[in-house]
Amino acid sequence: MPQTPPNYIGRFAPSPTGPLHFGSLVAALASYLDAKANQGAWLVRIEDIDANRCKPEHASSILSMLEHYGLEWDGEVVYQTQRLPLYQQYLDALIQQKEVYWCECSRKKLRNYPGPYPGFCRDKNLPASASHAIRIKMPSCSTHFVDKCLGPVNLPPDEVVEDYIIKRRDGFFAYQLVVVIDDIEQSISHVVRGQDLISFTPRQCQLFELFGKSAPQYGHIPLVLDEYGNKLSKQTFAPAVTDDDKRQQLAQALTFLGLPPPKDIASSGCEQQLSWGIGLWPKEHHLIEHFRKNATAVRTNNL
Ligand SMILES: [Zn+2]
């Protein structure tokens, strides 16, 4: 029998700048539960485009931790650093469509202009040069969208609309560009991720449009914060999740997402906890209601 591709393809896309910590476990779990509750596929992509910050050993430790927690992905893991020619093809298309321009502004110069890039080089017609950054001409686009987890969202245009960099002067493709190309190439239909990425949504939607594709449906989940109100991250020295207390960590991650498992489930293995979570994960508009009710879960101390 021919296999039909699932209607729902989700993904977890960590940057291997450190091991998996509780905040990234929650993000992985939310995207996994949403995919599986909707009979979808769940892909994993290693966002290692920024070779200065990413390390292969972090990528392998993240993947093995996902496996330990029973978060099994579908298909092959994709690594951004193995797809550079693909990104260049897409960039060439934007260059041909004259949607981009070269920018010679130094970081030092721009330090005097906080906020969106003022467009100094937009009309300079600078020639293509490896020592210049490439920026996209971003028209005033809609900053309104309906979020799968938050409902209608309106972002302040002056914070999200700007001619942002898609290839850096050091030669690296920017995250903003490659994440959209990857989502197109992997036919991602749903993106469930942390609210720290919400302000990128309008520019990502615009890039999908420029490439003639429809954007996935986005859902943004609450961030896990430390006791000082900072997002858990490598920069705030969030401790890595380990294999030793995985049942407890997974139960805490489910609780953070508004699904506190009963004792017998919490003390069972990761697989049982995951299938319990898949069964109770709210579908469609119920997800918005669910996160509205569980908004108090945003701050979590002493994890
Ligand atoms: Zn410039």
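We count ligands from 1, going down the list as the structure has it; atoms in each ligand are counted the same way. In this text, all values refer to a predicted model and were calculated from it rather than measured experimentally. The basis for the numbers below is simple: all heavy atoms, side chains too, and nothing from hydrogens, waters or symmetry mates.
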Identify whether the distance between the nearest side-chain nitrogen and carboxylate oxygen of Glu284 and Lys148 falls below 4.0 Å. no
Asp183 and Arg45 ion-paired at < 4.0 Å: yes
Basic-acidic side-chain contact under 4.0 Å: Asp163, Arg203: no
Would you call the rings of Phe12 and Trp42 parallel, tilted or perpendicular, taking 30° and 60° as the class edges? parallel
Parallel, tilted or perpendicular, judged at 30° and 60°: which one describes the rings of Phe145 and Tyr218? perpendicular
Cationic N near anionic O, under 4.0 Å, Asp182 to Arg11: no
Count up the protein N, O or S atoms sitting under 2.8 Å from the Zn ion (ligand 1), would you? 4
